[in-house]
Colleague: 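Have a look at the structure that comes next, please.
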Amino acid sequence: MCTGKCARCIGLLLLPLAFICIVANLLLIFPNAEREWTDHITLQVWLMGGILGGGLFVLCPACSAVRAGGKGCCGAGCCGNRCRMLRSVFSSIFGSLGSLYCLIVSATGLANGPLCDVGSGDWQYPFWDSDSSYLKNETLWTICKDPPNIVLWNVVLFSILLVCSVIELVFCVLQVVNGCIGVFCGDCRKSHRKDDDDL
């Protein structure tokens, strides 16, 4: 596969992942899709790993990779698309850092658990220093009284962020490698166009 086509595929796969991260983080800000609990959300939600790291930081390399998969940047492609590939390499490094940030924040959010009312308006992190993992023992989830179903809400959305950020990290690293090959070797589509013209 040509480096340009590969870059375009990677970019088109990164775009929806970035939007999923943004939406998941926005939903975490509004537990149960209600505004009344926004004063009681975890630090990891406010760190905006999904909006900034997995979202905006990854949109840049996604768009750059899609552009690198386009036609040559110098008219007929005199540089073999090397300029766009070089930009996509730097953008993908930037995206890798963003997805790594999202990965760390979402993993920490899953490990610490939600901030919730354990009764009588006492808001705390009930699973923070617990000996057993609350993820494996759903009976512990009843400790949280408000917001309703907050443990399930956090587990599902932070898991989505975690999975998406891992996939984003893999794709960004792949694009760094693919972009470097494109910088040194050019885009094979240029040679195909020449062969077609000769025929």
Colleague: Give the cluster check for Val156 versus Val105: same hydrophobic cluster or not, with ILVMFWY residues linked at side-chain heavy-atom distances below 4.5 Å.
Modeller: no

Colleague: So which atom in Val89 and which in Cys180 form the shortest heavy-atom distance, rounded to 0.1 Å?
Modeller: CG2-N, 3.5 Å

Colleague: Any side-chain heavy atom of Glu34 sitting closer than 4.5 Å to one from Pro147?
Modeller: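 Glu34 vs Pro147: side chains apart.
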
Colleague: What's the separation between atom CD1 in Ile51 and atom SG in Cys102, rounded to the nearest 0.5 Å?
Modeller: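 Between Ile51 CD1 and Cys102 SG, I get 10.5 Å after rounding to 0.5 Å.
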
Colleague: Any heavy-atom pair between the side chains of Tyr134 and Asn112 that's under 4.5 Å?
Modeller: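 In short, these two side chains do not touch, never coming nearer than 4.5 Å.
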
Colleague: Looking only at non-hydrogen atoms, find the nearest pair between Asn25 and Val45 and report the distance.
Modeller: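 Heavy atoms of Asn25 and Val45 come nearest at ND2-O, 3.5 Å.
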
Colleague: Please check if the side chain of Ser64 supplies one atom and the backbone of Cys60 the other of a donor-acceptor pair under 3.5 Å.
Modeller: no

Colleague: Might you confirm whether atom CZ of Phe19 has over 12 heavy atoms from other residues, nucleotides or ligands at distances under 6.0 Å?
Modeller: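 For Phe19, atom CZ is not crowded (no more than 12 foreign heavy atoms under 6.0 Å).
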
Colleague: Atom CG of Leu103 and atom SG of Cys164: how far apart are they, to the nearest 0.5 Å?
Modeller: 11.5 Å

Colleague: Do Phe30 and Ile41 pass the side-chain contact (heavy atoms from CB on, under 4.5 Å) test, and can you show the C-alpha distance, the side-chain angles, and the key distance before you say yes or no?
Modeller: CA-CA 8 Å; Phe30 302 100; Ile41 56 176; over 6 Å; no

Colleague: Start with the C-alpha distance between Asn178 and Met85, add both sets of side-chain angles, then the distance that settles side-chain contact (heavy atoms from CB on, under 4.5 Å), and finish with yes or no.
Modeller: CA-CA 8 Å; Asn178 178 60; Met85 281 296 182; 4.3 Å; yes

Colleague: Does a side chain donor of either Gln44 or Ser106 reach within less than 3.5 Å of an acceptor in the other side chain?
Modeller: no

Colleague: Can you tell me how far CZ of Arg84 sits from OG of Ser91, rounded to the nearest 0.5 angstrom?
Modeller: 12.5 Å

Colleague: If hydrophobic clusters are built from ILVMFWY residues whose side chains come within less than 4.5 Å, do Val173 and Ile104 share one?
Modeller: yes

Colleague: Of the non-hydrogen atoms in Ile143 and Phe127, which two are nearest, and what is the gap between them?
Modeller: CD1-CE2, 4.1 Å

Colleague: Is there side-chain contact between Leu12 and Val66, with at least one heavy-atom pair below 4.5 Å?
Modeller: yes

Colleague: Using modelled atom types and a 3.5 Å cut-off, is there a donor and acceptor pairing between side-chain atoms of Asp146 and backbone atoms of Asp117?
Modeller: no

Colleague: How long is the span from the SG atom in Cys63 to the CZ atom in Arg87, to the nearest 0.5 Å?
Modeller: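 So the SG of Cys63 and the CZ of Arg87 are separated by 13.0 Å.
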
Colleague: Can you name the closest pair of heavy atoms from Ala18 and Leu59 and give their distance?
Modeller: CB-CD2, 3.7 Å

Colleague: In terms of hydrophobic clustering (I, L, V, M, F, W, Y; side-chain heavy atoms under 4.5 Å; direct or indirect links), are Trp128 and Val118 co-clustered?
Modeller: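 Different hydrophobic clusters.
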
Colleague: When you take the SG atom of each Cys, Cys116 and Cys144, is the space between them under 2.5 Å?
Modeller: yes

Colleague: Hey, are the side chains of Glu168 and Cys21 touching, using non-hydrogen atoms and a 4.5 Å cut-off?
Modeller: yes

Colleague: Show the nearest heavy-atom pair for residues Leu169 and Leu100, with the distance to one decimal.
Modeller: CD2-CD1, 4.3 Å

Colleague: For the pair Lys5 and Arg8, evaluate side-chain contact (heavy atoms from CB on, under 4.5 Å) and give the outcome as yes or no after the intermediate values.
Modeller: CA-CA 5 Å; Lys5 288 181 180 178; Arg8 185 173 178 81; 5.7 Å; no

Colleague: To the nearest 0.5 Å, what is the distance between CG (Leu135) and CG (Leu140)?
Modeller: 10.0 Å

Colleague: Answer yes if Tyr125 and Trp123 sit in the same cluster of Ile, Leu, Val, Met, Phe, Trp and Tyr residues linked by side chain heavy atoms under 4.5 Å apart, and no otherwise.
Modeller: yes

Colleague: How about Ile20 and Val23: do any of their side-chain heavy atoms sit closer than 4.5 Å?
Modeller: no

Colleague: Other hydrophobic cluster members with Ile167, side-chain heavy atoms of Ile/Leu/Val/Met/Phe/Trp/Tyr under 4.5 Å, chained?
Modeller: Ile10, Leu13, Leu14, Leu17, Val58, Val163, Val170, Phe171, Leu174

Colleague: Minimum heavy-atom separation for Trp153 and Leu27, please, with both atom names.
Modeller: NE1-O, 3.0 Å

Colleague: Is there side-chain contact between Tyr101 and Leu47, with at least one heavy-atom pair below 4.5 Å?
Modeller: yes

Colleague: Can you check whether Met48 reaches Trp46 side chain to side chain, under 4.5 Å on heavy atoms?
Modeller: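 Yes - at least one pair of side-chain heavy atoms lies under 4.5 Å apart.
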
Colleague: Just do the side-chain contact (heavy atoms from CB on, under 4.5 Å) check on Leu110 and Leu161 with the steps written out, would you?
Modeller: CA-CA 10 Å; Leu110 268 177; Leu161 285 174; over 6 Å; no

Colleague: May I ask you to test the Trp141-Ile150 pair for a side-chain heavy-atom distance under 4.5 Å?
Modeller: no

Colleague: Do Phe57 and Phe94 have ring centroids that are under 6.0 Å from one another?
Modeller: yes

Colleague: Same cluster or not: Leu28 versus Val155, using hydrophobic residues (I, L, V, M, F, W, Y) connected whenever any side-chain heavy atoms lie under 4.5 Å apart?
Modeller: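 Linked, Leu28 and Val155 end up in one cluster.
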
